[in-house]
Amino acid sequence: MLFHSTLRKELARSFGATLVVLVTIVMTMTLIRTLNQASRGSVNPQEVMMVMGYSVLGYLPPILTLSLFIAIVGTLSRMYRDSEMVIWFGAGRGLSSFLSPLLRFAWPVLLVIAVLALVVWPWANQQTQDMKDRYGKRGDLERVAPGQFQESASGTRVFFLDKDTPDNKSGKNIFISTSERGRDTVTSARSGQIVERGDEQFLLLSNGQRLESTGGGQDLKISEFEEFGNRVGTNELGERDVIPAKALSTLALLLDLTRNNQAELAWRLGLALAALNFVVIAVTVSSVNPRAGRSGNLVFALFAFVVYFNLLNLGQSWIATGQTSFQVFLLGLHGGAFVGGLLWLGQQHNNWSLMRLLRRRRNVPGRGAAS
């Protein structure tokens with residue numbers, strides 16, 4: 001009981017501290033990226049915090065996996081440096097006996113990672129995509145921002161407004177470029193205002209000029225006006241033509257096993273399987289020589305984590321392009337990592353050595369000759 005309780009308490013402290021640091025770093029990076037998207041008009045500035053929250057939820061599975069991995073490696077490495085492992089080994093505790101308390105501590109985290117990967121990840125992606133689509137398909141008048149060129153939802157108009165009034169119903173120095181049905185039109189006006197007539201909205205421009213070109217710019221028509229009205233409206237949010245695989249639920253992926261859906265399913269299952277494998281790998285990479293550097297094994301552990309997740313991303317693209325199958329990838333990567341981790345653990349637990357094995361083979365014929 002002392003062995004289990006001591007190990008779990010230190011793991012809990014290390015895991016909590018690591019998780020707080022990693023979440024803070026990811027939130028900062030996500031906030032910067034979301035603000036960049038908002039400045040480019042991809043995200044509603046009023047929904048920046050919501051988009052950031054959904055993005056962080058999607059990043060939680062690898063964050064929790066890395067936090068658990070670092071906590072185990074850091075705790076066991078400290079026990080090696082402080083010679084606590086020698087005491088436990090002398091008390092009859094082998095290296096494989098550490099798996100039981102580690103799994104008892106890690107199973108709630110592994111369960112949360114599986115739920116986040118299979119359920120929360122697609123839900124967060126769907127919410128983020130809905131907000132981006134809703135903001136991208138807003139009306140043309142809602143897109144106009146002073147001092148910025150804005151494109152309409154249909155992509156046929158470009159607006160520019162120099163200054164507007166506090167009520168957002170009028171503005172000065174207006175520029176509108178329209179391209180539709182083989183005709184390009186450029187309209188500029190000193191001022192303009194929005195007029196509502198019934199259920200429709202009209203943009204009424206004053207003191208401006210209109211340039212129309214047809215036939216690839218061969219025919220030009222220039223006209224000046226004191227007032228010019230143009231009906232504008234809002235674009236209603238329609239159904240999305242193609243839903244990305246990352247926004248589909250896990251059940252929807254299972255019901256429609258296309259290549260893209262299999263690749264996404266392999267990614268989600270891989271997050272849960274990788275977390276389990278990292279518990280085994282952490283025990284093997286924690287062994288440290290007290291005379292060597294303190295951060296050597298931790299750097300190797302982080303390198304192993306990066307390589308594993310890069311292979312996970314690479315396998316997802318391979319499945320999507322048909323270079324490998326879903327079953328072969330899961331068995332090859334995750335099954336191979338699990339078996340390799342167990343063999344490595346067995347080598348350290350039993351102190352297997354290639355030189356020792358060769359010496360035994362050399363001594364066997366000698367003993368037979370001597371007898």
Side-chain angles (χ1 to χ4, degrees), residues 1-23 57 59-121 250 268-288 297-298 300-302 304-305 308-309 312 330 333-352:
M1 292 296 296
L2 179 62
F3 172 70
H4 287 239
S5 61
T6 303
L7 186 59
R8 287 201 296 265
K9 286 181 181 179
E10 187 167 355
L11 283 173
R13 290 193 298 267
S14 179
F15 175 76
T18 306
L19 181 62
V20 170
V21 173
L22 290 179
V23 169
L57 279 177
Y59 294 143
L60 273 182
I63 292 175
L64 290 173
T65 302
L66 182 58
S67 300
L68 182 63
F69 188 46
I70 293 178
I72 297 175
V73 174
T75 300
L76 296 184
S77 297
R78 186 205 60 79
M79 295 175 68
Y80 272 106
R81 290 194 302 267
D82 296 344
S83 300
E84 291 185 18
M85 297 295 285
V86 177
I87 298 175
W88 291 118
F89 291 159
R93 292 287 182 177
L95 190 60
S96 61
S97 62
F98 282 82
L99 280 179
S100 178
L102 289 178
L103 290 176
R104 288 186 181 181
F105 170 80
W107 77 262
V109 182
L110 298 178
L111 181 61
V112 171
I113 292 173
V115 173
L116 288 172
L118 298 177
V119 180
V120 179
W121 162 260
T250 303
R268 298 179 190 179
L269 292 176
L271 292 175
L273 295 175
L276 177 61
N277 287 338
F278 275 120
V279 175
V280 180
I281 296 174
V283 181
T284 60
V285 301
S286 300
S287 177
V288 61
N297 62 329
L298 184 58
F300 178 77
L302 294 178
F305 181 87
Y308 199 116
F309 267 83
L312 190 60
L330 290 183
L333 178 60
H334 305 291
F338 183 72
V339 173
L342 290 180
L343 291 176
W344 194 0
L345 179 61
Q347 181 269 332
Q348 293 183 350
H349 178 78
N350 298 299
N351 197 19
W352 292 335

I need the L11 CG to L102 CG distance, nearest 0.5 Å. 6.0 Å
If you define the side chain from C-beta out and look only at heavy atoms, does anything of V73 sit under 4.5 Å from I281? no
V279 side chain near L103 side chain, heavy-atom distance below 4.5 Å: yes
Heavy-atom closest contact (G341 atom, V280 atom, distance): C-CG1, 3.7 Å
Could you grab the distance from atom CG of L116 to atom CG of L111, nearest 0.5 Å is fine? 9.5 Å
Between CD1 on residue I72 and CZ on residue F15, distance to nearest 0.5 Å: 9.5 Å
CG of L118 to CD1 of I113, rounded to nearest 0.5 Å, is 11.5 Å
Partners passing ring-ring contact (aromatic ring centres under 6.0 Å, His included) against F338 (at least two apart in sequence or in another chain): none
Quick one: CG on L76 to CD on E10, what's the gap to the nearest 0.5 Å? 8.5 Å
Does some side-chain heavy atom of F309 sit less than 4.5 Å from a side-chain heavy atom of L66? no
Heavy-atom check, side chain of L60 versus side chain of V120, under 4.5 Å: no
Start with the C-alpha distance between L312 and L271, add both sets of side-chain angles, then the distance that settles side-chain contact (heavy atoms from CB on, under 4.5 Å), and finish with yes or no. CA-CA 8 Å; L312 190 60; L271 292 175; 4.1 Å; yes
For A71 and S14, work out which heavy atoms get closest and say how close. CA-OG, 3.4 Å
In sequence, state the C-alpha distance, the side-chain angles, and the governing distance for Y59 and V23, and then conclude on side-chain contact (heavy atoms from CB on, under 4.5 Å). CA-CA 9 Å; Y59 294 143; V23 169; over 6 Å; no
Which heavy atom in S67 sits nearest to a heavy atom in L19, and how many Å separate them? OG-CA, 3.4 Å
Check ring-ring contact (aromatic ring centres under 6.0 Å, His included) between F69 and all other residues, then give those that pass, not counting sequence neighbours. F278
So do the side chains of T75 and R13 get within less than 4.5 Å of each other, counting heavy atoms only? no
What are the two closest heavy atoms between N277 and Y308, and how far apart are they? ND2-OH, 2.8 Å
If I take atom CD1 from residue I63 and atom CG from residue L57, how far apart are they, to the nearest 0.5 angstrom? 9.5 Å
